[in-house]
Protein chains: 2
Amino acid sequence: MAEEPNRMIAPSPIGETQNRLLDAAEELFMEHGFEATTLRQITAAARVNLASANYHFGGKEALFQAVLTRRLDPMNIERVRLLDELETNAGARPLSVEQILWAMFLPAMQLSRDRARGGKNFLRLLGRAYVDPAPFIRNFLKEQYADMVTRYKKAFSAALPHLPKQELSWRLHFTLGAVAYTLAGTDLVQVVSSLSPQDADNDEMFLRRLLPFLVAGLESPLKDPSVVKEAT
Amino acid sequence: MAEEPNRMIAPSPIGETQNRLLDAAEELFMEHGFEATTLRQITAAARVNLASANYHFGGKEALFQAVLTRRLDPMNIERVRLLDELETNAGARPLSVEQILWAMFLPAMQLSRDRARGGKNFLRLLGRAYVDPAPFIRNFLKEQYADMVTRYKKAFSAALPHLPKQELSWRLHFTLGAVAYTLAGTDLVQVVSSLSPQDADNDEMFLRRLLPFLVAGLESPLKDPSVVKEAT
DNA sequence: GTCTATACCACGATAGAC
DNA sequence: GTCTATCGTGGTATAGAC
């Protein structure tokens, strides 16, 4: 008891090896995905013993979750805080779709600019996690951040009151897809560098393109398309 | 020589074991992703010997590519054919974004309705492939279908002449993300069944939601957003 | 407590015998 | 064209040094 002075109070001063493991794992999981990354690679990169991954985290899956949690928990707390703030300022008026999206992306952008918090690497890993088929990852994301998701869903619902719940769910699903795929950035480097190398590091430029796309899609009017289909 | 009567002429009557392997592989890759799927699982499901996968296809990666090629080659040929047809009919007028998207999705929808060609399973696998981090998958998709991609990019460019090339590339990137993520359908089942079970099998309903979303995003006007950012 | 070396067991892929 | 033996490698458990 006396040997645990500041547990649950100061989360950061965990052991040196823990951090080295988390950093190395973050990098390698980001690069190769969960399955293709081995504990031997991770422990070698972190220059710690193979067994320490198991000792400190209890297994590969738990390590992966720890990598995500380290960055994601603070980010999501900030996301909710921002949304609360915006809603308070708006009073009775509902927020705009654009405002809500900003509240989602601003914390992510700040994180991506902070190398001490993982920088761009982490966002790429996050994108990868969202599209990974491993069930434990899916469940983890689903359970761990259900609060934030419902919180934002409610905000979107207020911003788009004319949309049926079902339609909104689909549109948010498409939105998440565009975001996750882009963050995962499997061919993002090519898209960017092929046309404008100076943009490669410019997350603001990136958001200036993504946000209008999403806003337009989310706000598009409901119309019954008894149209087109003229093919063949 | 005399023992290979119809090589390169008739592609479909390949050996029974080949087809069993392809079918089993399609199912399992779709379910677990490339890395997490083992040749032992595949050969067991196909009830063929473990080594036959190697014998007939030359390895796990080649088998995966064969699974994709079998369905994707015909589908993409049809996609290009449809686009050609539409453009011929339109004469000098450029196609609309919606028409182009229909040309992309119609062959996919037809395939998804044809159980003999893999049905929905294959589209899910395709979505998974698009988001898989494995480099060989990325290169394969990139190289194998570069023609179709540039073909469609040109059509979109004609439909959206006011958009800078760079902007168009990004928007198509977002589009692909929304599509791939949705096809991969990692949590699609939940979205669908939670709200309307009868929609679960209705691909037309699905397209009626996806297409307007994409059209709105792709066609959204270019505006310089010196806006918002009012958060914190 | 933390770290290390090492052993274990399961499994994937493949080459060579049949 | 099929079966099997083998080799490398993965995650994990344990025993003991510090």
Side-chain angles (χ1 to χ4, degrees), chain A residues 1-29 31-67 132-137 140, chain B residues 1-7 13-29 31-67 132-137:
Chain A
M1 282 289 187
E3 312 205 34
E4 290 187 19
N6 49 12
R7 271 263 208 166
M8 308 224 62
I9 292 166
S12 67
I14 53 176
E16 176 67 8
T17 47
Q18 264 120 320
N19 271 326
R20 294 163 73 110
L21 276 168
L22 288 171
D23 291 341
E26 185 171 80
E27 176 80 18
L28 288 165
F29 282 139
E31 190 71 33
H32 308 292
F34 176 75
E35 286 285 350
T37 305
T38 72
L39 283 180
R40 289 178 161 87
Q41 288 175 269
I42 294 168
T43 50
R47 286 177 305 177
V48 300
N49 188 272
L50 168 63
S52 48
N54 232 289
Y55 174 75
H56 285 290
F57 296 97
K60 190 184 174 187
E61 295 191 354
L63 174 59
F64 186 83
Q65 291 175 348
V67 169
D132 200 295
F136 91 93
I137 298 178
F140 173 73
Chain B
M1 282 292 188
E3 312 205 37
E4 291 187 18
N6 49 12
R7 272 262 211 167
I14 53 177
E16 177 67 8
T17 46
Q18 265 119 320
N19 271 326
R20 295 162 73 110
L21 276 169
L22 288 172
D23 291 342
E26 186 171 80
E27 176 80 18
L28 288 164
F29 282 139
E31 190 71 35
H32 309 293
F34 176 75
E35 287 285 350
T37 305
T38 73
L39 283 181
R40 281 182 149 90
Q41 291 175 266
I42 294 168
T43 50
R47 284 176 306 175
V48 301
N49 187 272
L50 168 61
S52 49
N54 222 285
Y55 175 75
H56 287 292
F57 295 97
K60 192 182 172 187
E61 296 192 353
L63 175 59
F64 187 82
Q65 291 175 350
V67 169
D132 200 294
F136 92 93
I137 297 178

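Below, read A as the first sequence line, B as the second, and so on, with proteins coming before strands; counting in each chain starts at 1.
- A:Leu21 has its CG atom 13 Å from the P atom of C:dT2, to the nearest Å.
- Among residues two or more places apart in sequence or in another chain, the side-chain contact (heavy atoms from CB on, under 4.5 Å) test is passed with B:Ala45 by B:Ala24, B:Leu28.
- Applying the side chain to side chain donor-acceptor pair (under 3.5 Å) test to B:Glu27 and every residue at least two apart in sequence or in another chain returns B:Asn121.
- Rounded to whole Å, atom P of D:dT12 lies 6 Å from atom CG of A:Leu39.
- For B:Ala44, there are no side-chain contact (heavy atoms from CB on, under 4.5 Å) partners at least two apart in sequence or on another chain.
- Legend: residues meeting side chain to side chain donor-acceptor pair (under 3.5 Å) with B:Gln41, ordered by chain and number and at least two apart, are B:Thr38.
- Note: B:Leu63 CG to B:Gln18 CD = 10.5 Å, rounded to the nearest 0.5 Å.
- Atom-to-atom, CZ of A:Arg47 to P of C:dA5 comes out at 15 Å; the value is rounded to the nearest Å.
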* Which letter, B, S or -, goes with each nucleotide of nucleotides 3-9 of chain D from 5' to 3', with contact meaning a protein heavy atom under 4.0 Å? -> BB-----
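- For the atom pair CG (A:Asp132) and CZ (A:Phe34), the distance works out to 8.0 Å, reported to the nearest 0.5 Å.
- If you check every strand for non-hydrogen atoms under 4.0 Å, A:Thr43 touches nothing.
- Rounding to whole angstrom units, CD of residue A:Glu16 and C1' of C:dT4 are separated by 17 Å.
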* Evaluate side-chain contact (heavy atoms from CB on, under 4.5 Å) for B:Phe57 paired with B:Gln65, printing each intermediate quantity in order. => CA-CA 9 Å; B:Phe57 295 97; B:Gln65 291 175 350; over 6 Å; no
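- For the segment residues 53-61 of chain A, residues with any heavy atom less than 4.0 angstrom from an atom of DNA chain C are, sorted by number, A:Tyr55, A:His56.
- Positionally, the nearest nucleotide of DNA chain C for A:Thr17 lies more toward the 5' end than for the other of A:Thr17 and B:Thr37.
- At whole-Å resolution of the value, CZ in B:Phe64 and P in C:dG12 are 17 Å apart.
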Would you mind writing out the side-chain donor-acceptor pairs for residues 46-55 of chain B within the sub-3.5 Å range, not counting sequence neighbours?
from	atom 1	to	atom 2	distance (Å)
B:Asn49	OD1	B:Ala51	N	2.9
B:Ser52	OG	B:Asn49	O	2.4

